[in-house]
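Values below: all heavy atoms of this structure, side chains included; hydrogens, waters and symmetry mates excluded.
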Amino acid sequence: MAQAQKAPKSNLIDGWEVVIGIEIHTQLMTNSKIFSGSSTTFGQDPNTQANLVDLAMPGVLPVLNKEVVDLAIRFGLGIDAYIDQASVFARKNYFYPDSPKGYQISQMDNPIVGLGHIDIQLEDGTVKRIGVTRAHLEEDAGKSIHDQFEGMSGIDLNRAGTPLLEIVSEPDMRSVEEALAYIKAIHTLVRWLGISDGNMAEGSFRCDCNVSLRRPGNEFGTRCELKNINSFRFIEQAINVEIERQMDILEDGGKIDQETRLFDTVKMETRSMRSKEEANDYRYFPDPDLLPVIISNEQVEMAKAALPELPKTRRARFIADFGVTEYDAHVLTLSREMADFYEAVVVAAGGAAQGKVAANWVMGEFSGALNKASLELQDSPVSAEQLGGMIARIVDNTINGKIAKQVFGFMWEAEGKSADDIIAEKGLKQETDTGAIEAIIKDVLAANEKMVEEYKSGKEKAFNGLVGQVMKAAKGKANPAQVNELMKKLIG
């Protein structure tokens, strides 16, 4: 749920306004390539997943993989975009050293996904809408290998023909923070929708960042494109380096050349790759071997019916139903897997009333344990049902928060055991017998008369110290709220 817009903070850097647009290439999660039946499995031996179509042998024809169209439609629906029900593929002509055809099959006019948008949330809670100009289908090129052969390069065509969705934003971002928030939002969405695994290390999600500077109110400046960056950290570094480079040139009275640049992560600099081409440089024309793509109303409706609950809708529901904060809802929906896990914890803990305490445990102790063990959510030794069962024991006062951390630790180590099993085995049930707790409190008060007098004279810290002594004597098993109440009663 978007909160009320805050007053926009200034993003000016020494009087310059940064203008950023992002092009994202995300590999679609299909078993075969976009125009051939070759496998898309990552990490296989070079050139073992390239057939005659991928090799551009004479006489072969591309055949469109229907699944890539369905996945593109799903993305378009996920960003409230216009779906063009009649689109065409074109040949984009320029030299690829690792593409046998000498051109790329892509889309120029009538992309399958038209104007849409996605909302991003910044660290201060501000929500900003970023426009998406288009998202079109295309094929990936192969890969040049320069470090395995002395004096020559190798070509691996396993990636050639892998289906890509290129997502092009409007130049709506005015800071590195906004650019990162947008890229992360798209990354979350493509994984959430199940259209891509978003694996940046394997090249399934790569970004081109268009950066320019201008004085506020002026026309857009000349942009430079930072090409093929596949890590959030490198994206942040590259944009910051490019901003500084352009600012130095403009402050000295120079002009920016429109070009494509590469980011050197070692030297922390961007360097020129080639002058930036315009659309006419690519000599686009409709591919004569591929028919227009006609999408029926029924196909769109089927995609809508299969669409999962979207992140923004789920965030709003978590806030309304489970009483979590907007920040909590944002963190809990950073991935569909985490959102599903959290919701299952709430159910196991006793329902919506336990939403906030469940959120605290999922984002705190549980996520901390995952990070410490370098585990993904699916590899957690503690299931949602186990964690929710433990929270239920906190709620019904079987254990307190301090004991719960012990129980969680035992659950983490003893895979499969429930909180009830561990509480029984380890004797961790909270002491709620009033008589037993009163006896402990009386002993503590008798042994700490000076602290009692300090509390009576108005020193609240002394009371907290007495409570600590009681909890220590009770080995952490006393109910803290009960201890507070009885202590005040007995001190009078």
Side-chain angles (χ1 to χ4, degrees), residues 1 121 123 125 188 192 309 311 314-432 467 471 474-484:
M1 178 182 293
Q121 184 169 334
E123 287 186 4
T188 294
W192 189 287
E309 183 182 31
R314 207 160 194 188
R315 282 194 289 272
R317 181 165 62 81
F318 282 178
I319 293 169
D321 293 354
F322 299 152
V324 300
T325 66
E326 200 163 306
Y327 171 80
D328 294 342
H330 176 72
V331 173
L332 292 166
T333 55
L334 287 176
S335 76
R336 188 173 168 186
E337 294 81 9
M338 179 59 82
D340 289 345
F341 182 90
Y342 164 68
E343 196 151 7
V345 171
V346 172
V347 171
Q354 318 314 329
K356 179 58 179 172
V357 65
N360 292 342
W361 270 93
V362 170
M363 295 189 301
E365 201 78 15
F366 177 76
S367 293
L370 284 179
N371 291 336
K372 185 177 180 180
S374 299
L375 291 175
E376 296 296 326
L377 180 61
Q378 63 269 21
D379 300 319
S380 168
V382 173
S383 69
E385 290 71 25
Q386 286 175 283
L387 183 57
M390 187 200 74
I391 292 171
R393 297 291 80 80
I394 300 173
V395 173
D396 68 13
N397 287 323
T398 300
I399 57 175
N400 58 38
K402 184 175 181 180
I403 296 173
K405 291 185 178 181
Q406 296 180 54
V407 174
F408 179 79
F410 287 126
M411 273 200 304
W412 191 268
E413 297 300 328
E415 192 170 343
K417 284 193 176 181
S418 70
D420 289 341
D421 291 339
I422 291 169
I423 292 167
E425 287 177 11
K426 305 291 183 182
L428 294 174
K429 186 176 180 180
Q430 181 172 241
E431 179 61 71
T432 56
V467 171
M471 294 302 293
K475 298 180 180 178
K477 293 182 183 179
N479 183 314
Q482 200 172 14
V483 169
N484 274 264

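Here the side chain of T333 pairs a donor or acceptor atom with the backbone of H330 at under 3.5 angstrom. Between the Y342 side chain and the M363 main chain, no donor and acceptor come within less than 3.5 Å of each other. Between the side chain of W192 and the main chain of E309, a donor-acceptor pair closer than 3.5 Å is present. Between the T398 side chain and the K429 main chain, no donor and acceptor come within less than 3.5 Å of each other.
Judged purely by distance below 3.5 Å, without hydrogens or angles, the side chains of S418 and D420 never pair a donor atom with an acceptor atom.
Atoms CG and CZ, on L377 and R336 in that order, are 13.5 Å from each other to the nearest 0.5 Å. Atom CG of N360 sits about 12.0 Å away from atom CD of Q354, to the nearest 0.5 Å. L370 CG to W412 CH2: the interatomic distance, rounded to the nearest 0.5 Å, is 4.0 Å. To the nearest 0.5 Å, atoms OH (Y327) and CG (L332) are separated by 9.5 Å. Put simply, CD1 on I394 and CG on N400 are 8.5 Å apart, with the number rounded to the nearest 0.5 Å. Here the CD1 atom belonging to I423 is positioned 8.5 Å from the CE atom belonging to M411, to the nearest 0.5 angstrom.
Counting heavy atoms from C-beta on, the side chains of E376 and E337 never come closer than 4.5 Å. Contact of the Q386 side chain with the P381 side chain is not registered, since no non-hydrogen atoms from C-beta on lie closer than 4.5 Å. Annotation: side chain of I399 is in contact with side chain of M390 (closest heavy-atom distance under 4.5 Å). By the 4.5 Å heavy-atom criterion applied to side chains, F410 and L428 are counted as neighbours.
Pairs of residues two or more places apart, or lying in two chains, that qualify as salt bridge (Lys or Arg N to Asp or Glu O under 4.0 Å) and include a residue from residues 342-370 are R314-E343, R317-E343, D328-K356.
Residues I319 and E326 come closest through the heavy atom pair CD1-CA, 3.8 Å. Closest of all the heavy-atom pairs between A392 and A348 is CB-O, 4.2 Å. Nearest heavy-atom pair across F318 and A329 is CB-CB, 4.4 Å. Between A349 and I391, the shortest heavy-atom distance links the atoms CB-CG2, 3.8 Å. Taking all atoms of both residues into account, the shortest heavy-atom contact from F366 to S380 is CE1-OG, 3.2 Å.
The neighbour count for E123 CD, taken as heavy atoms of other residues, nucleotides or ligands under 6.0 Å away, does not exceed 12.
The aromatic rings of W361 and F408 are tilted relative to each other, their planes meeting at an angle between 30° and 60°.
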